[in-house]
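See below for the structure under consideration.
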There are 2 protein chains.
Amino acid sequence: MDKLFKALADGTRRELLDLLFVHNGQTLGELCKHMTMSRQAVTKHLVILEEADLVTVVWQGREKLHYLNPVPIGEIYHRWIGKFERRRIDALQTLKQALEEDSSHE
Amino acid sequence: MDKLFKALADGTRRELLDLLFVHNGQTLGELCKHMTMSRQAVTKHLVILEEADLVTVVWQGREKLHYLNPVPIGEIYHRWIGKFERRRIDALQTLKQALEEDSSHE
DNA sequence: TTGACATGCAACTAAATTGTTGCATATAAT
DNA sequence: ATTATATGCAACAATTTAGTTGCATGTCAA
């Protein structure tokens, strides 16, 4: 779970996921064309995405095809976001009450 | 959106959110009791959570009460996770096909 | 008012992150 | 075979991050 959140923490990596979302199965070279940094920098980001299991790689000859894997994203939702979302209304209500109590003390 | 992902990237900060989820409205001192690091370190993490709008603060005398704000979490789901989840099945299908094509080349 | 308690601010250190460049290796095309 | 293409590996530098410690400030309680 930590690798997953860390992978998503970087804007460049989220951009790479966006690129794969638009056109899945791109090679490293293709992805680099859309980025401003060096190829090696992009490689490093992709490795992090692979280790977080957000991207799956298929070698085809000398080309490395990158596929978006949406499963871990789903896990974030179900295992972590879900629990906060479930009580979203309740928590907001609690917060609202706390704020009202506080302003009544002034 | 970047501040939000960066805030969630750290395990300690996710732990703090979990603590507030269990018992909302805790003071800095109360939160520190559950953590191993120094009070100042916890403060820094809380500031980052506040700047990401994940935690809202209410001052009560000399005590600082911390409330979990689940709204930004909901935004992650709707603005970013949603788009991948929506096509989750499709993307998995594409990935599966790619893997099958590849193994047929061997 | 004095002492204890809750928190803030700032300087410093260590480690992780993000990028670079140079060179190596493997595959494809002429 | 030779050359061009696609990618990998490793060393380095700059920045950010996560933690520490020491001291200051503001509030409650005796």
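Letters A, B, ... are given to chains in the order of the sequence lines, protein chains preceding strands, and every chain is numbered from 1. Side chains included, hydrogens not; waters and symmetry mates left out as well; all remaining heavy atoms used.
- Summarising the geometry, the separation between CD on B:Glu63 and P on C:dC5 is reported as 13 Å, rounded to the nearest angstrom.
- Looking at heavy atoms from C-beta onward, B:Tyr77 lies out of side-chain contact with A:Ile76 at the 4.5 angstrom threshold.
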Polar atom pairs between nucleotides 26-30 of chain D and protein, under 3.5 Å, N or O only, would you list them?
residue, atom, partner, partner atom, Å
D:dT27, O2, B:Arg62, NH1, 3.1

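- Between the CD atom of A:Gln26 and the C1' atom of D:dA6 there is a distance of 15 Å, given to the nearest Å.
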Protein heavy-atom contacts under 4.0 Å, written 5' to 3' over nucleotides 9-20 of chain D as B (base), S (sugar-phosphate only) or - (none), form the string B-B-----SSBB
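- In this structure, the side chains of A:His66 and A:Leu49 stay at 4.5 Å or more apart for every pair of heavy atoms.
- Residue pairs meeting the side-chain hydrogen bond (donor to acceptor under 3.5 Å, both in side chains) criterion with at least one partner in residues 33-42 of chain B, sequence neighbours excluded, do not occur; the list is empty.
- For residues 48-67 of chain A, the salt bridge (Lys or Arg N to Asp or Glu O under 4.0 Å) pairs, not counting sequence neighbours, are A:Glu50-A:Lys64.
- A straight line from CE of A:Met35 to C1' of C:dT20 spans 16 Å, rounded to a whole angstrom.
- For the pair A:Asp18/B:Phe84, a side-chain contact is recorded, criterion being any heavy-atom separation below 4.5 Å from C-beta on.
- The side chain of B:Lys64 has C:dG8 as its nearest neighbour among C:dG8, D:dA6, D:dG8.
- Using a 4.5 Å heavy-atom cutoff, the side chains of A:Trp80 and B:Leu17 are in contact.
- Atom pair A:Leu49:CG and C:dT18:P shows a separation of 11 Å (rounding to whole Å applied).
- When the side-chain contact (heavy atoms from CB on, under 4.5 Å) test is applied to A:Glu30, the partners found at least two apart in sequence or on another chain are A:Gln26, A:Thr27.
- If you measure from atom CG of B:Leu28 to atom P of C:dT7, you get 5 Å, rounded to the nearest angstrom.
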Please set out all donor-acceptor pairs under 3.5 angstrom arising from side-chain atoms of residues 7-14 of chain A, sequence neighbours excluded.
residue, atom, partner, partner atom, Å
A:Asp10, OD2, A:Thr12, N, 2.8
A:Asp10, OD2, A:Thr12, OG1, 3.4
A:Asp10, OD2, A:Arg13, N, 3.2
A:Arg13, NE, A:Ala7, O, 2.8
A:Arg13, NH1, A:His45, ND1, 3.0
A:Arg13, NH2, A:Lys6, O, 3.1
A:Arg14, NH1, A:Leu8, O, 2.8
A:Arg14, NH1, A:Ala9, O, 3.3
A:Arg14, NH2, B:Asp2, OD1, 3.1

